[in-house]
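The chains referred to below are lettered A, B, ... by the order of the sequence lines, with proteins before strands, and numbering in each begins at 1. Computation of the quantities below employed the complete heavy-atom set of this structure, encompassing side-chain atoms and omitting hydrogens, waters and symmetry-equivalent molecules.
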Amino acid sequence: MNWIDHKTYIEVFPPKEFNFQECLIFLGRSHQEILHKIKEGTLYKLLKVEDAIIFCKISYTSDSIRVKFPISKPSSYHREKVGEYIWEWFDLEQDLQGFYQMAESDKVLNLIVDKYYGLRIMCIPDLFEALVWAIIGQQINLTFAYTLKERFVEEFGEFITFQGENYWVFPSFEVISTLNVEDLKKLQFTTRKAEYVIGIAKDMKSRILTKKMLLEKQDYHEVKKALMNIRGIGPWTADYVMMKSLHETSSFPIADVGLHNALKTILGLKEKPTIEEIKEYAANWEGWQAYATFYLWRLLYDKEI
DNA sequence: ATCCAGGAACTGT
DNA sequence: ACAGTTCATGGA
């Protein structure tokens, strides 16, 4: 992490290939998002670091991301943790030169990489949040997925109020592990999804599943296998979580409907491409499938904004 | 009303 | 290993 601690605020320095505004467009894709707010180019988010609740005001100035703390000043230890969160959230560890080099000569990606230059995968550093969000999103439209997430967070998460508005942190697996299926069905989770979410919360509480243990595995297939071993996690969810929480640039949620629609749009196809056709388009994406997917997703938000 | 949504588990072969 | 079925409900 490249950062400076100024005590009253922190400054995080992204690599050269970075465009804060592009990232904000992705973060602002849904008005139903409950885990952050964007106002006049500034991002507001509530973080929980161990037992400390930290409210952050995040903005970009010339060449750095500045994080201020409008409510209370965190300790030195907590400021560093906030910096690490920002570093992960914006996926700042990646060197994108390889991706852009590959994309330049790629039939599909060359159509969009210049347009979205500096966009990074907006990650979900909290593994539990990434897993739950993926499971919520399985087989339902995004609008309803956000509605379910909103109910879930407002029912089981913590919040603070700042200038008349509430800011939430995602519920912890400790809390969710104590629930029963009915508690989630009330929020209109299906029985299956309720079982999956609670099961994962229990696995994480008992440390059968940790982010650390997944990150320690070196091989992509080994991580994917470990994830798919968990009930509720199939190929799509495994790749989605590897992309959004584990910074695995080779992950490729190839069955993703959003990806299919994006390809259909950008290539002017009559029908959504088949998996086999996508594999052909992706022949040169090796090592960067996650970024290719994310850039194609970004295409879908141009219309709405 | 009809189709499908950022799938996965389960069942039968 | 693979195909078909079930789950289950809101949004466009």
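Between Phe20(A) and Tyr60(A), the angle of the ring planes stays under 30°, which puts this pair in the parallel group of the 30/60° scheme.
For Trp236(A), taking side-chain heavy atoms from C-beta onward, the closest of the listed nucleotides dA5(B), dA9(B), dG7(B) is dG7(B). Candidate nucleotides dG7(B), dG10(C), dG11(C) were compared by shortest atom distance to the side chain of Thr143(A), and dG11(C) ranks first.
A straight line from CD1 of Ile233(A) to P of dA9(B) spans 8 Å, rounded to a whole angstrom. Distance CG (Leu227(A)) to P (dG7(B)): 17 Å, rounded to an integer number of Å. For Arg151(A) and dT9(C), the CZ to P distance is 12 Å, given to the nearest whole Å. Atom-to-atom, OH of Tyr240(A) to C1' of dG7(B) comes out at 14 Å; the value is rounded to the nearest Å. Whole-Å rounding puts the Arg192(A) CZ to dT5(C) C1' distance at 10 Å. Rounded to a whole Å, the CD1 atom of Ile275(A) is 14 Å from the P atom of dC2(C).
Just one residue in the list Arg298(A), Arg120(A), Lys115(A) forms a side-chain hydrogen bond (donor to acceptor under 3.5 Å, both in side chains) with Glu22(A), and that residue is Arg298(A).
The shortest side-chain heavy-atom distance between Tyr100(A) and Asp114(A) does not fall under the 4.5 Å cut-off. Annotation: side chain of Lys193(A) is not in contact with side chain of Leu184(A) (no heavy-atom distance under 4.5 Å).
Considering only side-chain N and O atoms, Lys272(A) lies under 4.0 angstrom from the phosphate OP1 or OP2 of dA5(B).
In terms of position on DNA chain C, the residue among Thr191(A) and Thr147(A) whose nearest nucleotide sits closer to the 5' end is Thr191(A).
Contact check on Lys107(A) versus Glu280(A) returns no salt bridge, with no Lys/Arg side-chain nitrogen under 4.0 Å from an Asp/Glu carboxylate oxygen. Looking at Arg192(A) and Glu195(A), no side-chain N of the basic residue comes within less than 4.0 Å of a carboxylate O on the acidic one, giving no salt bridge.
Shown for residues 121-142 of chain A: residues whose heavy atoms fall under 4.0 angstrom of DNA chain B, namely Gly137(A), Gln138(A), Gln139(A), Ile140(A), Asn141(A), Leu142(A).
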